[in-house]
Amino acid sequence: MNEPANDQRVRLWHDSSLSPGERARALLAEMTLPEKLAQLGSAWPGSAEISGDVAPMQDVFADGSSRSDGASEHGIGHLTRVFGTGPVSAAAGVDRLLALQREIVERTRLGIPALVHEECLTGFTTLGATVYPTALAWAATFDPALVERMSRAIGADMRAVGVHQGLAPVLDVVRDYRWGRVEETLGEDPYLAGILGAAYVRGLQDSGVVATLKHFAGYSASRAARNHAPVSIGPRELRDVILPPFEMAVREGGAGSVMNAYVDLDGVPAAANTALLTGILRQEWGFEGVVVSDYWAIAFLETMHRVADGTGAAGALALRAGIDVELPQTLCYGDELLKMVQEGEVSEELVDRSVLRLLRQKAEQGLLDAGWTPRAEPVDLDSPGNRAIARDIAERSVVLLANDGALPLAASASTIAVVGPCADDPLALMGCYSFPNHVLPRYPGLGIGVAASSFAEALRNELPGATIAVHPGCPISEVDRSGFGAAVAAARESDVCIAVVGDRAGMFGHGTSGEGCDAEDLNLPGVQGELVQALLATATPVVLVVISGRPYALGRYTGSAAMIQAFMPGEEGGGAIAGVVSGRITPSGRLPVQIPRSPGSVTTYLQPPLGGNSAGISNLDPAPLFPFGHGISYTAFAYSEAALSDSAIPTDGTVEVSVRVRNTGDRAGAETVQLYLHHTRAQVTRPVRELAGFTRVALAPGDSARVSFTLHADRTGFTGIDMHRIVEPGTIEIFVGRSATDLPCTVSVELTGPRRIIGHDRILVTPVRID
């Protein structure tokens with residue numbers, strides 16, 4: 001069937017000297033309407049064999065797909081998760097992918113290969129691939145260069161085996177810690193999420209794999225933190241908190257793809273939101289890439305949102321709004337939509353618009369090159385280099401919250417009780433989109449697919465001379481106290497007790513963290529909190545280690561001798577936590593989310609004055625136990641010599657803010673220097689503290705460095721009364737320090753001149769220099 005259409009046209013779209021857009025237009029001119037629509041659909045090979053959900057309502061929609069294993073006679077746009085659906089080796093996956101691509105090229109008239117996409121949030125989600133820390137752990141490093149290094153390695157592995165697109169990063173800003181997908185995010189601050197998200201995009205795309213920003217937009221702000229629940233935030237919160245990370249990843253990272261959110265935003269489903277997907281994303285921001293649907297999100301317009309009558313109508317809504325490709329299978333961009341276009345109900349120009357975007361991306365990926373043949377080769381997906389990166393991120397992400405001197409463990413601690421359900425389970429270290437937790441639970445005979453030590457195993461290697469007794473004490477989520485007695489007895493008989501509690505990542509209720517695993521409150525799951533209190537009642541010092549995908553309320557456990565937070569640090573995480581406990585690693589992680597004091601406190605740090613403690617007005621104090629940006633070390637850092645280059649600048653000007661940071665301790669360490677802003681008077685309420693810059697500074701004992709931030713007036717901008725983004729004259733307080741509440745250096749600058757309206761070309765980043 002692969003017969004050339006017009007020879008001149010064929011030469012044009014195969015001509016790599018032409019721009020991708022020119023090649024796409026030449027190919028579009030040769031396509032029939034069914035061939036065009038086929039490019040906007042997808043196929044999921046092997047999906048019929050899946051038992052258990054890896055996507056929402058998968059079993060319902062898989063049965064109704066037009067084709068699951070490959071292309072129709074007219075072609076196909078995407079192949080879904082050839083490597084990530086079931087346990088397949090790299091070599092077998094490559095063979096399967098090459099066969100599928102050959103079939104597509106050989107059995108279709110135009111021979112257009114498919115784009116291949118996979119999940120890659122904690123690394124390439126396939127059997128035997130490196131399991132990196134979760135995104136919340138990347139955020140705890142405050143280290144964009146390290147995140148970019150990681151994503152470049154992930155992209156190189158994916159590209160080598162024939163994958164073109166990765167479904168990451170997640171740029172949803174955390175608004176409620178009870179939401180199950182907190183572990184997938186880059187925290188609760190839009191600037192931190194934007195800087196790290198853009199770094200991830202650059203690394204992945206530098207390796208030749210298209211990054212996909214998700215979930216656009218508002219997903220994390222759902223009512224009561226329930227997955228897929230409605231979102232009722234105002235347009236100002238959307239503009240100032242939710243959208244900036246996406247905008248930064250488009251502008252600063254050059255992202256090639258965006259995925260819609262499942263939610264409705266003030267009553268309009270994101271998948272049908274023209275103002276969002278076309279107005280903001282394309283017309284305001286100039287995005288030129290491809291918008292893909294979240295899995296079955298277009299079908300949800302009919303079945304869940306109930307704004308469409310039939311799959312064709314759902315497809316028409318999504319196409320008009322700006323979704324170019326339907327994932328993971330073709331349901332709504334199929335025969336019913338074809339009929340609507342043929343009968344004039346839907347303009348063929350809308351189809352052409354999306355097809356051009358996709359074909360341009362295929363040209364950029366080399367899929368329209370003359371003589372293209374599928375090329376891929378099996379590689380070591382868990383190479384020593386990968387593991388070294390995973391280890392670096394894990395080590396830099398561990399946050400020491402509190403320490404009364406119990407850590408690092410003294411050599412005299414010869415007997416150690418390691419207690420808790422997360423102590424001896426390597427899966428507790430991995431996120432819900434890691435292959436071991438995402439797919440392998442359906443295949444219990446295969447183990448976890450990678451080499452990974454639990455914390456207890458790593459601690460034994462770390463302290464070979466110590467006697468270590470390990471007791472789970474209780475399950476992660478079940479109400480079972482039968483193990484309390486043995487755990488408490490072991491604690492009493494030991495020099496120190498390390499209580500390791502937290503989460504097990506899963507999907508749709510099969511875990512305590514992850515997609516569809518939302519929490520009623522912020523108590524530790526199950527009876528883990530009772531176990532910790534029982535251990536604290538002994539005379540033995542307790543080091544509390546929380547390995548989790550969200551922050552839990554720890555106010556009841558302040559009697560602990562030390563507290564450590566690790567946000568699912570991946571396959572190298574056991575050694576990273578053990579290294580911090582032993583003192584081999586000087587902790588440098590910082591909190592990308594607050595640690596609440598009480599289980600009902602779900603407010604993030606980014607709040608106006610009324611969001612804080614209102615003594616005499618409300619009896620509830622939302623102040624956290626540990627604030628955003630917090631983290632202590634085994635050394636100490638002093639701040640001094642705060643200075644401004646100018647005391648006043650125009651509303652389009654720049655000021656340099658500098659401080660000196662000195663390591664005053666006796667160990668080398670890294671300090672994360674953080675800059676925050678507050679507009680003292682503005683036409684709308686502004687956050688009491690708002691992160692505007694940060695950097696990590698590594699210092700030897702006694703050494704110092706001058707850290708200088710170049711702050712443009714645009715960085716003080718916000719959405720005003722009339723919904724324009726503005727820079728408003730007035731006094732800007734500037735704070736520099738260790739966290740959102742520990743800010744020893746305070747200066748202020750006056751913004752002078754007229755109010756400025758700023759747009760998409762505004763300055764988004766605060767450069768930092770270290771001298």
Side-chain angles (χ1 to χ4, degrees), residues 18-25 28 40 115 165 168-169 171-173 190-191 193-206 209-218 235 238-261 265 270-293 318-325 349-350 352-365 652 712 714-715 717-719 723-727 756-766:
L18 298 177
S19 71
E22 290 171 321
R23 298 171 72 185
R25 286 190 290 274
L28 180 71
L40 305 186
L115 279 166
Q165 184 163 343
L171 297 182
D172 299 299
V173 178
Y191 185 71
I195 290 289
L196 297 180
Y200 183 97
V201 169
R202 284 193 297 271
L204 201 70
Q205 296 192 164
D206 283 352
V209 174
V210 177
T212 307
L213 312 182
K214 56 186 192 181
H215 305 86
F216 194 68
L238 179 72
R239 291 276 188 172
D240 289 352
V241 178
I242 300 299
L243 294 183
F246 293 93
E247 185 177 8
M248 291 176 72
V250 168
R251 261 191 56 189
E252 303 296 323
S257 184
V258 171
M259 175 180 280
N260 73 282
L265 188 61
N273 195 325
T274 304
L276 184 68
L277 300 179
T278 297
I280 292 175
L281 181 62
R282 295 193 184 276
Q283 294 170 357
E284 290 188 27
W285 298 354
F287 176 72
E288 295 182 347
V290 175
V291 176
V292 300
S293 78
L319 191 66
R320 289 189 187 105
I323 292 184
D324 301 311
V325 177
E349 291 180 358
L350 291 175
D352 290 351
R353 179 180 72 172
S354 289
V355 175
L356 273 174
R357 293 167 182 165
L358 180 66
L359 293 180
R360 184 172 62 239
Q361 193 170 82
K362 288 191 173 186
E364 291 166 348
Q365 290 288 314
D652 61 354
H712 194 280
D714 285 4
R715 299 288 295 112
F718 58 90
T719 304
M723 296 309 298
H724 290 300
R725 184 175 291 277
I726 61 171
V727 175
R756 287 177 57 233
I757 295 177
I758 54 176
H760 180 58
D761 59 349
R762 70 190 186 281
I763 303 299
L764 296 174
V765 175
T766 303

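We count residues from 1, following the sequence as given. Source: prediction; values computed, not measured.
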**Message:** Please enumerate all residues that pass ring pair (Phe, Tyr, Trp, His ring centres under 6.0 Å) together with Phe287, with sequence neighbours excluded.
**Reply:**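 Result, ring pair (Phe, Tyr, Trp, His ring centres under 6.0 Å) vs Phe287: none returned.
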
Let me confirm one number: the [atom1]-[atom2] distance from [X] to [Y], rounded to the nearest 0.5 Å.
| X | Y | atom1 | atom2 | value |
| --- | --- | --- | --- | --- |
| His215 | Leu171 | NE2 | CG | 10.0 Å |
| Leu764 | Glu247 | CG | CD | 5.5 Å |
| Ile323 | Leu40 | CD1 | CG | 11.5 Å |
| Ile726 | Thr719 | CD1 | OG1 | 8.5 Å |
| Arg320 | Leu350 | CZ | CG | 7.0 Å |
| Glu349 | Arg353 | CD | CZ | 10.0 Å |

What donor-acceptor contacts under 3.5 angstrom involve side-chain atoms of residues 273-281, with partners at least two apart or in another chain?
unit_1: Asn273; atom_1: OD1; unit_2: Ala275; atom_2: N; d: 3.3
unit_1: Asn273; atom_1: OD1; unit_2: Leu276; atom_2: N; d: 3.0
unit_1: Thr278; atom_1: OG1; unit_2: Ala321; atom_2: O; d: 2.7

What is the minimum heavy-atom distance between [X] and [Y], and which atoms define it?
| X | Y | value |
| --- | --- | --- |
| Arg725 | Asp240 | NH2-OD1, 3.3 Å |
| Pro190 | Val173 | CA-CG2, 4.0 Å |
| Ile242 | Ala217 | CG2-CB, 4.1 Å |

Could I get the full list of salt bridge (charged side-chain N to carboxylate O under 4.0 Å, His left out) partners for [X], not counting sequence neighbours?
| X | value |
| --- | --- |
| Arg239 | Glu284 |
| Arg360 | none |
| Asp324 | Arg282, Arg357 |
| Lys362 | none |

Those residues that, when tested against [X], pass side chain to side chain donor-acceptor pair (under 3.5 Å) (two or more places apart):
| X | result |
| --- | --- |
| Gln165 | Thr212, Ser257 |
| Arg715 | Thr766 |
| Ser19 | Glu22 |
| Ser293 | none |

**Request:** Please list, chain by chain and in numerical order, all residues satisfying side-chain contact (heavy atoms from CB on, under 4.5 Å) with Ala198, sequence neighbours excluded.
**Result:**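 By the side-chain contact (heavy atoms from CB on, under 4.5 Å) rule, Ala198 matches Arg202, Glu252.
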
**Message:** Please enumerate all residues that pass side-chain contact (heavy atoms from CB on, under 4.5 Å) together with Gln205, with sequence neighbours excluded.
**Reply:**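 Val201, Val210, Ala211.
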
**Message:** Check this for me, if you would: do Asp714 and Arg756 make a salt bridge, where the nitrogen-to-carboxylate-oxygen distance has to be below 4.0 angstrom?
**Reply:**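 Yes, charged N to carboxylate O under 4.0 Å.
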
**Donor-acceptor contact present, side-chain Arg762 to main-chain Gly759, <3.5 Å** =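 Present.
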
**Message:** Given 3.5 Å as the limit, does a donor-acceptor pair link the side chain of His760 with the main chain of Trp285, or not?
**Reply:**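 Yes, because the side chain of His760 sits within donor-acceptor range (under 3.5 Å) of the backbone of Trp285.
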
**Test side-chain contact (heavy atoms from CB on, under 4.5 Å) applied to Phe246 and Asp172, step by step** = CA-CA 9 Å; Phe246 293 93; Asp172 299 299; 4.3 Å; yes

**Asked** Within a strict 4.5 Å, meaning less than it, do heavy atoms of the Arg25 and Leu356 side chains meet?
**Response**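 In contact.
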
**Message:** Between Leu243 and Phe216, is there a side-chain heavy-atom distance shorter than 4.5 Å?
**Reply:**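 Yes, close enough: below the 4.5 Å cut-off.
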
